[in-house]
Amino acid sequence: MQTKALSGFGVLQVEPTDHCNLACGMCKPHAEQWTQIHAVPKGFMDRAVWSQTVDTFLEDRVCFDHIIFQWLGDPLFHPQLHLLIAEAQRLQGQVSYLRVDSNMILLDEERTLSLLQGATGGIPLLLVASIDAYSPSVYQRVKGFDRLQIVRQNMRRLLRLRREMKASVNVQVQFVVQTGNAHEALAFRQYWLDLLGCYGTGGLWHDEIMFKRLSVDGGGDGQREADQLYVESILQQGIQSESINGVQIHVWKDEPWQVSVGQSHKRTACPALWSTPVIRHDGALMLCCADLEGQMTLGNLKTDRFTDLWLSETARQRRREHLAGEFNDKCTSCGGVNWYALPEHFRQWT
């Protein structure tokens with residue numbers, strides 16, 4: 001195994017479930033109410049499979065920058081999410097932090113306490129709240145249902161309990177700029193700046209407000225218009241990356257490889273094949289999070305080790321194809337969902 005040359009395996013994405021309670025316009029599977037998303041029945045990750053996988057990470061000394069619990073569903077739907085996170089807590093020294101991306105609708109008091117208690121004294125936890133709106137009407141427009149007041153109540157309780165427990169949990173609230181909400185970016189910024197500041201960071205936490213570009217089918221038709229809207233909206237409303245009262249405001253600057261404003265770029269190898277492995281809820285290991293249909297599935301962690309699959313000849317061949325400018329199967333029509341350049345050390349390692 002050549003983990004030293006790889007400097008770790010990037011960012012691991014784990015899908016607790018592909019069930020969701022919203023119909024966000026930017027998420028086609030749930031907006032269109034697909035009965036199946038991955039060409040397999042919807043389901044929930046088996047804790048035993050994840051525990052077994054963590055065992056192999058420990059044995060093989062597999063390191064990740066961080067682990068994200070989420071893919072095509074809302075992780076809070078999983079009844080044992082806190083136990084999945086507890087399993088990951090065994091990877092201290094191999095993972096810098098754990099992350100849960102959620103709409104926070106199901107973040108009731110019981111779930112909040114279980115997440116906060118699980119993060120006390122262990123690997124830090126980042127809770128990413130996908131909210132995307134300031135007003136209830138806009139929330140309903142972009143998310144499909146009016147749940148904004150529930151989300152705000154849950155987030156206030158989270159911040160209050162975090163302060164009382166001094167738990168190692170950081171918070172990021174996200175706003176993905178799109179046609180239905182672009183005009184509310186500044187109001188969103190001010191609301192969450194006030195709320196996060198009200199509970200006081202006190203140097204104990206790293207809280208963020210993130211403004212992101214909309215990905216249209218991984219950079220497909222309409223990406224240029226979405227990208228232009230993002231740039232114009234952020235600039236016109238004077239939003240910039242800065243720190244205010246201990247809260248970090250981030251303006252996402254990465255652009256789709258083929259749709260930079262006013263120019264085009266030649267397509268290069270996608271770093272997803274090197275640094276963003278995805279574990280589907282049924283244990284399948286995927287090369288890319290844009291591969292909903294499973295065309296590039298490497299195998300299943302119920303029966304195989306992560307390192308055997310991620311470093312397999314099948315995976316290496318895909319990477320060599322990308323380095324040679326050959327984009328086959330799912331990669332043929334993908335717009336480059338990762339949006340980032342391939343680091344040179346991955347190229348040299350391959």
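What you see below is based on every heavy atom in this structure, not just the backbone, and it leaves out hydrogens, waters and symmetry mates. The model shown is predicted, which means the values in this text are computed figures rather than measured ones.
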Salt-bridge criterion met for Arg47 and Glu87 (N-O under 4.0 Å): yes

Donor-acceptor side-chain pairing of Gln70 and Ser102 below 3.5 angstrom: no

Arg162 NZ/CZ over Trp205 ring centroid, <6.0 Å and within 45° of normal: yes

Test log, rule side-chain contact (heavy atoms from CB on, under 4.5 Å), inputs Ile68 and Leu12: CA-CA 6 Å; Ile68 302 174; Leu12 176 65; over 6 Å; no

Chi angles and distances behind the side-chain hydrogen bond (donor to acceptor under 3.5 Å, both in side chains) call for Gln172, Gln174: CA-CA 6 Å; Gln172 180 188 100; Gln174 283 191 0; 2.8 Å; yes

Evaluation steps, side-chain contact (heavy atoms from CB on, under 4.5 Å), between His38 and His281: CA-CA 10 Å; His38 302 298; His281 66 81; 4.2 Å; yes

Identified ring pair (Phe, Tyr, Trp, His ring centres under 6.0 Å) counterpart of His19 within the set Phe44, Trp71, Trp34: Phe44

Distance (rounded to the nearest 0.5 Å) between Cys289 SG and Glu15 CD: 11.0 Å

Nearest-0.5 Å distance that lies between atom CG in Leu204 and atom OG in Ser168: 9.0 Å

Atom pair CG (Asp46) and CG (Asp282), whose distance is rounded to the nearest 0.5 Å: 11.0 Å

Linked, directly or transitively: Leu115 and Leu158 (ILVMFWY side chains, under 4.5 Å): yes

Donor + acceptor pair across side chains of Asp132, Asn181 (<3.5 Å): no

Polar contact flag, side-chain donor to acceptor under 3.5 angstrom, Glu321-Asn328: yes

Under 3.5 Å side-chain donor-acceptor pair for Thr350 and Trp274: yes

Axial cation check for Trp310 ring with Arg318, 6.0 Å and 45° limits: no

Linked, directly or transitively: Val62 and Val95 (ILVMFWY side chains, under 4.5 Å): yes

Criterion side-chain hydrogen bond (donor to acceptor under 3.5 Å, both in side chains) on His82 and Gln80, from CA distance to verdict: CA-CA 5 Å; His82 63 293; Gln80 295 184 318; over 6 Å; no

Spatial distance of atom CD1 (Ile209) from atom CD1 (Ile249) [nearest 0.5 Å]: 5.0 Å

Least distance between heavy atoms, Leu107 atom then Arg157 atom: O-NH2, 3.0 Å

Pair Phe64 + Phe306: ring centers closer than 6.0 Å: yes

Distance, nearest 0.5 Å, that separates CZ of Arg111 from CG of Asn154: 9.5 Å

Shortest non-hydrogen contact from Leu81 toward Pro16: CD1-CG, 4.1 Å

Residues Asn21, Asn103; criterion side-chain hydrogen bond (donor to acceptor under 3.5 Å, both in side chains); working and verdict: CA-CA 9 Å; Asn21 49 2; Asn103 57 42; 2.9 Å; yes

Gln228 and Glu232 side chains, donor-acceptor separation under 3.5 Å: yes

Closest non-hydrogen atom pair between Arg213 and Val231, with its separation: NH1-CG2, 3.7 Å

Test: Glu313 and Arg320 ion pair at under 4.0 Å: yes

Shortest non-hydrogen contact from Leu292 toward Pro29: CD1-CG, 3.9 Å

Whether Phe69 and Trp50 hold their rings parallel, tilted or perpendicular, with breakpoints at 30° and 60°: perpendicular

Arg152 to Tyr139, cation-pi by 6.0 Å centre distance and 45° axis angle: no

Salt-bridge criterion met for Asp55 and Arg90 (N-O under 4.0 Å): yes

Over 12 non-hydrogen atoms of neighbours within 6.0 angstrom of CD in Gln33: no

Side chain to side chain contact (heavy atoms under 4.5 Å, CB included) partner of Val169, chosen from Leu161, Leu125, Leu159: Leu125

In one Ile/Leu/Val/Met/Phe/Trp/Tyr side-chain cluster, 4.5 Å: Leu301, Leu72: no

Ring pair (Phe, Tyr, Trp, His ring centres under 6.0 Å) partners of Phe175, counting only residues at least two apart: Phe188, Phe211

Co-membership, hydrophobic cluster, residues Leu126 and Ile123, 4.5 Å side-chain: no

Heavy-atom check, side chain of Lys330 versus side chain of Cys288, under 4.5 Å: no

Residue pair Gly93 / Arg61: nearest heavy atoms and the distance that separates them: O-NH2, 3.6 Å

Nearest atoms (heavy-atom pairs only) where Met45 meets His78: O-NE2, 2.7 Å

